[in-house]
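Some notes on the structure that comes next.
Order of listing sets the numbers, starting from 1, for every ligand and every atom in it. Bear in mind the structure is a predicted one, so any value in this text is a computation, not a measurement.
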Amino acid sequence: MTGEWDACVKKIEITQAEIVSRVHELGAQIATDYAGRNPVMIGALKGAMCFFADLVRAVPIPLEVDFITASSYGAGTSSQGEVTLSHLPETSLKGRDVIIVEDILDTGHTLSRILAVFNEQSPASLAVCTFLDKSSRREYAVPVRYRGFDIPDYFVVGYGLDLGGVYRNLPYVGVYEPEETSKNG
Ligand code: PRP
C-alpha cells in the first residue's frame, strides 16, 4: 500500500501499531505465566521470524530460544498436503517448559505434527503461541494457549507471512488479492 511493490495488498488487516500493542500484551502474559521457569521458546521458520523476534524481546524473564523449520506450502496458496520438518531444535526438550511460536494456525496440520514430535521428548509442558488464528479453517485440533489475532479466511501476507517467498518483510498484515484463495502461509 506504499507503492507498486505492495500494490497487491488491497487492505491492511492489522496495522504495525496494532501488532506492537498485541505482541507486548502477549509478552507480558507469557512473562507472568512462566516467571521462574526458564522456558524454551521455539520459533517455527520461516513464517514466525518477525513475530518470534518481537515476542521474545517482549518477555522480560530468563528464557532460551531455538527453532524448527516446518513447511507445508509451495510457491502458491494451496497446501502441499504434507508437513516437512527440515530442521529440528538442538535443545533437549525433556523436562523443559516449551512454547512453540507460529505465525499462523490454519488447518492445524503443521502444529499437530510439531506437537507430536515434541511430545516424544517428554517436555514438562508444551504450549502453543500463534500470532494469527484462522480458526474457521481448522481440520486438526490444536490447543492454543496464546493467540495474537483471530482472522477471517483471507489470504494475508506480511509480518512473516509470504506468497511464494515474497512479502514476508511487510511491516503489517495485509489482505492479498489472489485469483484463487484456499490456504494461507
Ligand atoms: C505456514 C505457517 C504454518 C502453517 C500453518 O507455514 O507458517 O507453519 O503454514 O498452516 P496449517 O495450520 O494449515 O498447517 P508454511 O508451510 O507456509 O511455511 P513458512 O513458515 O516457511 O511460510
| field | Proximity flag Thr69 to ligand 1, non-hydrogen atoms under 4.0 Å | value | no
| request: Decide, yes or no, whether a salt bridge links Arg137 with Glu139 under the criterion of side-chain N to carboxylate O below 4.0 Å. | output: no
| said: Quick test of your reading of the structure: of Thr130, Val142, Thr107, whose heavy atom lies closest to atom 13 (O) of ligand 1? | reply: Thr107
| query | According to the salt bridge (Lys or Arg N to Asp or Glu O under 4.0 Å) rule, which pairs have a member within residues 119-128, sequence neighbours left out? | reply | none
| Which of the numbered atoms in ligand 1 are below 4.0 angstrom from a heavy atom of Lys46? | 19 (P), 20 (O), 21 (O)
| query | Any N/O of Leu105 closer than 3.5 Å to an N/O of ligand 1? | reply | no
| Is the centre of the Tyr172 ring less than 6.0 Å from the centre of the Tyr159 ring? | no
| said: Considering both backbone and side-chain atoms of Gly108, is one of its nitrogen or oxygen atoms within less than 3.5 Å of a nitrogen or oxygen in ligand 1? | reply: yes
| field | Selection residues 38-51 - residue pairs positive for side-chain hydrogen bond (donor to acceptor under 3.5 Å, both in side chains), sequence neighbours left out | value | Asn38-Glu64
| note | ligand 1 to Ala70, heavy atom cutoff 4.0 Å, flagged ligand atoms 18 (O)
| query | Strictly by modelled atom types, are Ser136 and Asp153 linked by a side-chain donor-acceptor pair under 3.5 Å? | reply | no
| query | Should Arg168 be listed as contacting ligand 1, given a heavy-atom distance under 4.0 Å as the test? | reply | yes
| message | Keeping Arg113 on the side-chain end and Val83 on the backbone end, is there a donor-acceptor pair under 3.5 Å? | response | yes
| message | Only heavy atoms of His109, strictly under 4.0 Å: list the atoms of ligand 1 that pass. | response | 12 (O), 14 (O)
| request: Could you tell me which atoms of ligand 1, counted from 1 in the order shown, lie closer than 4.0 angstrom to a heavy atom of Glu102? | output: 2 (C), 3 (C), 7 (O), 8 (O)
| What atoms of ligand 1 come within less than 4.0 Å of a heavy atom belonging to Asp162? | 22 (O)
